[in-house]
Amino acid sequence: MQRMCIKDRPIHFGSTPITGPADLYPIHSSHNRSDHNQQIIGYKKVDKSKMPPRNLKRGGSGKPKTTEPAAKSAKKELDDSTELVAIECLATGRRTTVRPPGEEKGNKEANSFWLMKSEPESRLENGVDMKFGVEDLKVQHNQTACWDGVRNYQARNFMRDMKVGQLAFFYHSNCKEPGIAAVVKIVKESYVDHTQFDKKDPHYDPRSSKENPKWFMVDVQFVRMMKRFISLAEMKQYHQEHKTKEGPLKNMALFTRARLSVQPLAKEEFDFVLSLEDKKPI
DNA sequence: GCCAACGTTGGC
DNA sequence: GCCAACGTTGGC
């Protein structure tokens, strides 16, 4: 079984209105559940050989280590991120710094682009349809939707780094043809994801509380469809080629951190993908 | 803090 | 449906 949804993705329509600025309207998306208190982040170019994982593991599992801290630490990271991307495991308190692919020191623009995954095909999760493709975004009021349901710390932290006006690719995952379908922009910065408190929501998180919410979301607005769909397969070919010949997609998170539903793109990566629109598909 | 077991992601 | 990759859990 696969489920798709997975952890970090958003989407579905719910029905719950969100509170927020009057000009934005929401919606919902949703996603998964499971993560814990930890966070780590970063991308890195790291070698995955040693990468990661295990160390960044969570720490105390059961005890949310921080009860308030989550928010606070995360915020701290945000501030630090102006320079390097700070990574910290909330659970362990361990901190490391990594620089996003393509980000040069002092180049704050480098990380101002994102890729957000969503499932365009129906798939039930606890009875709720997770479907939310670009077409679904386009029919929302103001063509804007809140990216709720993200339940992965890295993805959540990336959303917290998002700023109004930044662009992101709307990626279709878990479907026949995975790939980039459109360009969207961030229209509301990180705020509490209300679905974590809703017992009926597939992404309900019993470990979270209103006093100390764990999950956040941003609002995105449709900008335009890609001139042509840029498939995962096509990008993968470039990724492979760029790994040997050196090219902009050589460290693309889509391949180096495949399961992350919200991922950063270096400007060169974003621009390269856009340049493919005017080329013939390979 | 380590690490084996387990669960999830998500392309194929 | 399969399964590789990798994140999470939780005992020790």
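Proteins get letters first, then strands, A, B, ... in listed order; numbering begins at 1 in each. Values reported hereafter were calculated over all heavy atoms of this structure, with side chains retained and with hydrogens, waters and symmetry mates removed.
Aromatic rings from A:F113 and A:F169 are positioned such that their centres are separated by 6.0 Å or more.
Atoms CG (A:D205) and P (C:dT9) sit 10 Å apart, rounded to a whole Å. In this structure, CZ of A:R259 is placed 12 Å from P of C:dA4, rounded to the nearest angstrom. A:M235 has its CE atom 11 Å from the P atom of B:dC12, to the nearest Å. Rounding to whole angstrom units, CG of residue A:N152 and P of C:dT8 are separated by 6 Å. Atom pair A:M130:CE and B:dT8:C1' shows a separation of 15 Å (rounding to whole Å applied). Computed from coordinates, the A:L260 CG to B:dT8 P distance equals 17 Å when rounded to whole Å. Note: CG (A:N157) to P (C:dG7) measures 14 Å, nearest angstrom. Between A:Q263 atom CD and C:dG7 atom P the separation is 13 Å, expressed in whole Å.
Remark: A:K236 engages no residue in a salt bridge (Lys or Arg N to Asp or Glu O under 4.0 Å) (not counting sequence neighbours).
In this model, the phosphate group of B:dG10 is not approached by any side-chain N or O of A:Y171 to a distance below 4.0 Å at OP1 or OP2. Proximity of A:K236 to the phosphate of B:dC12: a side-chain N or O atom is located under 4.0 Å from OP1 or OP2. Between C:dT9 and A:R207, a contact under 4.0 Å exists linking OP1 or OP2 to a side-chain N or O.
Here the side chain of A:R257 is nearest to one of C:dG7, B:dG11, C:dT9, namely C:dG7. For A:L232, counting side-chain heavy atoms from C-beta on, the closest listed nucleotide (B:dC12, C:dT8, B:dG10) is B:dC12.
A:A258 comes within 4.0 angstrom of sugar-phosphate atoms only, judged by non-hydrogen atoms across all strands, and of no base.
In the model, A:N251 has no side-chain atom that pairs as donor or acceptor with a side-chain atom of A:T256 under 3.5 Å.
Salt bridge status for A:E234 with A:K279: absent, with no side-chain N to carboxylate O gap under 4.0 Å.
Taking 4.5 Å as the limit, some side-chain heavy atom of A:H242 sits within range of a side-chain heavy atom of A:F272.
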